[in-house]
**Student:** 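Take this structure, written in structure tokens, and hold onto it; I'll ask about it next.
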There are 2 protein chains.
Amino acid sequence: MKTTADISIEKAAPILKLLGDKTRLTMVALLHEGECCVCEFTEIFNMSQPSISQHLRKLRDAGVVHEERRGQWVFYSLNTSNELYPLVEQVVKQLPSQKSKLDDLEKNGSRVVWCEPKRK
Amino acid sequence: MKTTADISIEKAAPILKLLGDKTRLTMVALLHEGECCVCEFTEIFNMSQPSISQHLRKLRDAGVVHEERRGQWVFYSLNTSNELYPLVEQVVKQLPSQKSKLDDLEKNGSRVVWCEPKRK
DNA sequence: TTATAATATAAGCAAATAATTATATGTCAA
DNA sequence: TTGACATATAATTATTTGCTTATATTATAA
């Protein structure tokens, strides 16, 4: 049973290399729960903000994630319309849920939830 | 529907990093068709024999492949009993079949088929 | 405006990676 | 034994990677 179209090895390898970093793999697993903004990642990872940004940029350049600015925050989400998304999803599905990390943020009061623009 | 046990991010990331190299990813895809020996890989890849050996060693050290010497050849196969095999398999399943590469070897007469020990 | 918060980019550096060539090991057959 | 073949290991090197600090950008709020 084949559920998705084949992805060429040339295209798959760079994606797997990106996912082969613990930080980025965790990011993708977190994003599988829903969108996150950069400051949430900087809370979760014990790492400088530029480092977070650079990881996200790599994921974005590869088309794995999608970036959307809302006010002063930039929210990231999995780019489900990317040709390579099935590969990403199959990988993430094998990983434990990262929901607890987001719940912890919520308890901290560090979760950023976008409700609606305050004006305009 | 979850078909396999979760694999920790700490364990998954190094495996994905290994699969993130085009040569190794192709090797694993080839092995998904059946066992191969080193000389077959050196035929298929435009690369030195030590380079092939080093890639295989990394895959072996990570438990992705299994090594078995028979006579002067060393045959490699996917280590299906490894805890991380489900991850490897899900990835390989998304890739195009590499059977044609093995068929080409066969036409070349470079396919090594182990039938039985000639003596003992 | 000006200050501040969120994020991105640039520059620099140490560590990891993947290739090469040279050499060693192991098996078999004459 | 010896030679040939298959494979592994060692040493070297160029490139890539992931982090850091410093600085730039962008948006909001005072």
Side-chain angles (χ1 to χ4, degrees), chain A residues 13-28 35-62 65-77 105 109-120, chain B residues 13-28 35-62 65-77 105 109-120:
Chain A
I15 298 298
L16 294 169
K17 176 176 280 183
L18 282 178
L19 299 182
D21 176 89
K22 190 187 154 187
T23 302
R24 285 189 298 261
L25 187 58
T26 307
M27 283 174 163
V28 168
E35 62 179 20
C36 294
C37 79
V38 180
C39 61
E40 293 171 325
F41 286 131
T42 59
E43 275 285 318
I44 289 171
F45 297 101
N46 189 21
M47 195 176 289
S48 69
Q49 173 269 318
S51 192
I52 300 291
S53 269
Q54 283 155 13
H55 281 301
L56 287 168
R57 186 182 217 291
K58 287 183 187 184
L59 290 171
R60 185 168 62 79
D61 286 352
V65 302
H66 171 249
E67 183 190 334
E68 185 181 329
R69 179 176 276 274
R70 296 196 213 126
Q72 58 192 136
W73 293 287
V74 176
F75 286 83
Y76 283 85
S77 53
L105 280 191
S110 336
R111 187 92 165 105
V112 175
V113 181
W114 182 262
C115 300
E116 55 186 302
K118 292 194 181 128
R119 50 165 194 164
K120 183 176 267 184
Chain B
I15 298 299
L16 295 170
K17 177 176 280 183
L18 282 179
L19 299 183
D21 175 90
K22 191 188 151 188
T23 302
R24 285 189 298 260
L25 187 58
T26 308
M27 283 174 162
V28 168
E35 64 179 16
C36 294
C37 79
V38 181
C39 61
E40 293 172 325
F41 286 131
T42 59
E43 275 285 318
I44 288 172
F45 298 102
N46 189 22
M47 195 176 287
S48 70
Q49 174 269 317
S51 192
I52 300 290
S53 268
Q54 282 156 15
H55 281 302
L56 287 168
R57 188 184 216 289
K58 287 183 186 182
L59 290 172
R60 184 169 62 80
D61 286 351
V65 303
H66 172 248
E67 183 190 334
E68 186 182 327
R69 178 176 276 274
R70 296 198 213 122
Q72 57 190 133
W73 293 289
V74 176
F75 286 83
Y76 283 85
S77 53
L105 280 191
S110 338
R111 188 92 165 106
V112 176
V113 181
W114 181 263
C115 300
E116 56 186 302
K118 292 193 182 128
R119 49 163 198 164
K120 182 178 269 184

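Chain letters run A, B, ... following the sequence lines, proteins first, then strands; residues in each count from 1. What you are looking at is a predicted structure, and each value in this text was computed from that prediction instead of being measured.
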**Student:** Taking OP1 and OP2 of C:dT7, is either one under 4.0 Å from a side-chain nitrogen or oxygen of A:Ser53?
**Tutor:** no
**Student:** So what does A:Glu40 hit on the nucleic acid, given a heavy-atom distance under 4.0 Å: a base, only sugar-phosphate, or nothing?
**Tutor:** nothing
**Student:** Please determine if B:Arg60 forms a cation-pi arrangement with B:Tyr76, meaning its NZ or CZ atom is less than 6.0 Å from the six-membered ring centre and no more than 45° off the ring axis.
**Tutor:** no
**Student:** Whole Å only: how far is the CG atom of B:Leu25 from the C1' atom of C:dA18?
**Tutor:** 16 Å
**Student:** B:Tyr76 side chain N/O closer than 4.0 Å to the phosphate oxygens (OP1, OP2) of D:dA8?
**Tutor:** yes
**Student:** Quick one: B:Met27 CE to C:dA18 P, roughly how many Å, whole number?
**Tutor:** 12 Å
**Student:** Base, sugar-phosphate, or nothing for A:Arg24, non-hydrogen atoms under 4.0 angstrom?
**Tutor:** sugar-phosphate
**Student:** How long is the line joining CG of A:Leu56 and P of C:dT9, in whole Å?
**Tutor:** 11 Å
**Student:** With a 4.0 Å cutoff (strictly under), does any side-chain N or O of B:Arg57 reach OP1 or OP2 of D:dT9?
**Tutor:** yes
**Student:** What's the NZ-P distance between A:Lys22 and C:dA15, to the nearest Å?
**Tutor:** 19 Å
**Student:** Starting at the 5' end of DNA chain D, which residue's closest nucleotide do you reach first, A:Thr23 or A:Arg70?
**Tutor:** A:Thr23
**Student:** Using a cut-off of strictly less than 4.0 Å, decide whether B:Ser51 has a side-chain nitrogen or oxygen near OP1 or OP2 of C:dA19.
**Tutor:** yes
**Student:** Would the base of D:dA8 count as contacting B:Gln49 through its side chain, where contact means a donor and an acceptor less than 3.5 Å apart?
**Tutor:** yes
**Student:** More 5' along DNA chain D: A:Arg69 or A:Asn46, using each one's nearest nucleotide?
**Tutor:** A:Asn46
**Student:** Quick one: which of C:dT20, D:dC19, D:dT17 gets closest to the side chain of A:Lys58?
**Tutor:** D:dT17
**Student:** B:Gln72 CD to C:dT27 P: how many Å, rounded?
**Tutor:** 11 Å
**Student:** Mind calculating the distance between CH2 (B:Trp73) and C1' (C:dC28) to the nearest angstrom?
**Tutor:** 10 Å
**Student:** Atom CG of A:Asp61 and atom P of D:dT17: how far apart are they, to the nearest Å?
**Tutor:** 12 Å
**Student:** Nearest to the side chain of A:Gln54, heavy atoms from C-beta on, is which of C:dA19, D:dT7, C:dA10?
**Tutor:** C:dA10
**Student:** Test your reading of the model: is there a side-chain donor-acceptor pair from B:Arg70 to the backbone of B:Gln72, 3.5 Å cut-off?
**Tutor:** no
**Student:** Using a 3.5 Å distance criterion without hydrogens, assess whether the side chain of A:Glu40 forms a donor-acceptor pair with backbone atoms of A:Cys37.
**Tutor:** yes
**Student:** Should A:Met27 and A:Ile52 count as side-chain neighbours, where that means a heavy-atom distance under 4.5 Å?
**Tutor:** yes
**Student:** Roughly how many Å is it from CG in A:Asp21 to C1' in C:dA15, rounded to a whole number?
**Tutor:** 14 Å
**Student:** Tell me if a side-chain donor or acceptor on B:Ser53 pairs with a main-chain N or O of B:Pro50 at a distance below 3.5 Å.
**Tutor:** no
**Student:** Answer yes or no: is there a side-chain heavy-atom contact under 4.5 Å between B:Phe41 and B:Thr23?
**Tutor:** no
**Student:** Contact class for B:Lys17 vs. all strands (heavy atom < 4.0 Å): base, sugar-phosphate, or nothing?
**Tutor:** sugar-phosphate
**Student:** What's the closest nucleotide to the side chain of A:Cys37 if the choices are C:dA19, D:dT7, C:dT7?
**Tutor:** C:dT7
**Student:** Looking at A:His55, I'd like to know whether one of its side-chain N or O atoms comes within less than 4.0 Å of OP1 or OP2 on D:dT17.
**Tutor:** no
**Student:** Which nucleotide sits closest to the side chain of A:Met47: D:dT7, D:dC19, C:dA8?
**Tutor:** D:dC19
